[in-house]
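As a basis for the values below, the full set of heavy atoms in this structure was taken, side chains included, without hydrogen atoms, waters or symmetry mates. On a predicted model such as this, the values are computed, not experimentally measured, just so you know. Protein chains get the first letters and strands the later ones, always in sequence-line order, with residue 1 at the start of each.
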Amino acid sequence: RKEVEQDPGPFNVPEGATVAFNCTYSNSASQSFFWYRQDCRKEPKLLMSVYSSGNEDGRFTAQLNRASQYISLLIRDSKLSDSATYLCVPPEGHGQNFVFGPGTRLSVLP
Amino acid sequence: DAGVIQSPRHEVTEMGQEVTLRCKPISGHNSLFWYRQTMMRGLELLIYFNNNVPIDDSGMPEDRFSAKMPNASFSTLKIQPSEPRDSAVYFCASSLSLAGGVGETQYFGPGTRLLVL
């Protein structure tokens, strides 16, 4: 299984801050990748899916850096409700994205 | 619309007992995945099916684990005999397909919390 790494955190940031997470992966031909969020004692839920080099959805921006083999998630104007663990699913061979990163925990503080 | 349904939601059993976890994928989804999540190892893929056929079971820890998908709307993950180290949250997920693009998005069930004493 390919190695996928994430900084486990926790990232403790104040409301309104901008925070970014990275996820490194092994070499792959696929370009699609995903970010999921998981709340405490809940199942992972899709946050963003990207089928190119990047995508922006409101306060969230996801990008792929193929040369350096990492994907990133940027959260602007963070809210208390953004507190969760963020799991990356980087590009995998043959477009089959089944390897989740270990997750990065974010706590947004009032 | 109903999401992925898993049962039971919680299971406490004694070492050596058989455990059967159940999953009903989203109607119309052709791919089904079983994952296990622990603090130490994170979310691990155990096995996945496409059109009811097992595609890759390389993540299954050992022969004590088995999974079946007799039809498009039902799958089971069985552990026999169970051991304390099997204690984890077991998630089932489904997706439209494996073909790539938006069809790859996985929708997770609420999970089964298994504790083996």
Side-chain angles (χ1 to χ4, degrees), chain A residues 1-10 21 23-26 28-55 57 60 62 64 71 84-105, chain B residues 2-7 9-10 21 23 25-26 29-50 54-61 88-115:
Chain A
R1 184 161 44 191
K2 296 182 184 293
E3 192 69 28
V4 180
E5 295 183 341
Q6 291 184 257
D7 184 336
F21 314 130
C23 167
T24 60
Y25 64 94
S26 313
S28 168
S30 173
Q31 193 152 317
S32 58
F33 64 95
F34 304 82
W35 282 98
Y36 285 75
R37 70 169 279 166
Q38 186 174 22
D39 294 295
C40 187
R41 300 182 70 81
K42 297 287 188 180
E43 69 274 22
K45 291 185 179 179
L46 181 70
L47 176 67
M48 293 186 75
S49 52
V50 186
Y51 306 103
S52 60
S53 61
N55 190 18
D57 183 4
F60 299 87
L64 166 66
I71 61 175
T85 296
Y86 290 84
L87 306 169
C88 66
V89 185
E92 270 292 297
H94 310 295
Q96 295 181 354
N97 295 329
F98 309 139
V99 180
F100 283 74
T104 296
R105 192 153 62 93
Chain B
V4 176
I5 299 172
Q6 291 187 248
S7 65
R9 295 291 304 274
H10 302 270
L21 311 180
C23 175
I26 293 172
H29 281 195
N30 295 315
S31 304
L32 182 141
F33 308 79
W34 282 102
Y35 291 89
R36 175 174 70 176
Q37 187 173 40
T38 62
M39 287 293 292
M40 291 297 295
R41 300 175 66 89
L43 193 63
E44 301 176 281
L45 177 64
L46 301 177
I47 184 171
Y48 66 93
F49 297 81
N50 193 49
I55 303 300
D56 185 352
D57 65 354
S58 59
M60 296 285 261
V89 181
Y90 290 81
F91 288 107
C92 176
S94 69
S95 66
L96 278 170
S97 71
L98 300 176
V102 67
E104 288 181 40
T105 301
Q106 295 186 32
Y107 298 85
F108 283 76
T112 295
R113 295 184 178 277
L114 173 65
L115 177 61

Residues B:Phe91 and A:Gln38: closest non-hydrogen pair is CZ-NE2, 3.7 Å
query: Is the distance between the ring centroids of B:Phe108 and A:Phe100 under 6.0 Å?
result: yes
Bottom line for A:Pro44: the part with an atom under 4.5 Å from chain B's heavy atoms is both
Side-chain touch A:Tyr36/B:Gln106, heavy atoms, less than 4.5 angstrom
yes
| message | For the CZ atom on A:Arg105, are there more than 12 heavy atoms of other groups (residues, nucleotides or ligands in this structure) within a distance under 6.0 Å? | response | no
Across all chains, not counting sequence neighbours, the salt bridge (charged side-chain N to carboxylate O under 4.0 Å, His left out) partners of A:Arg37 are A:Asp39
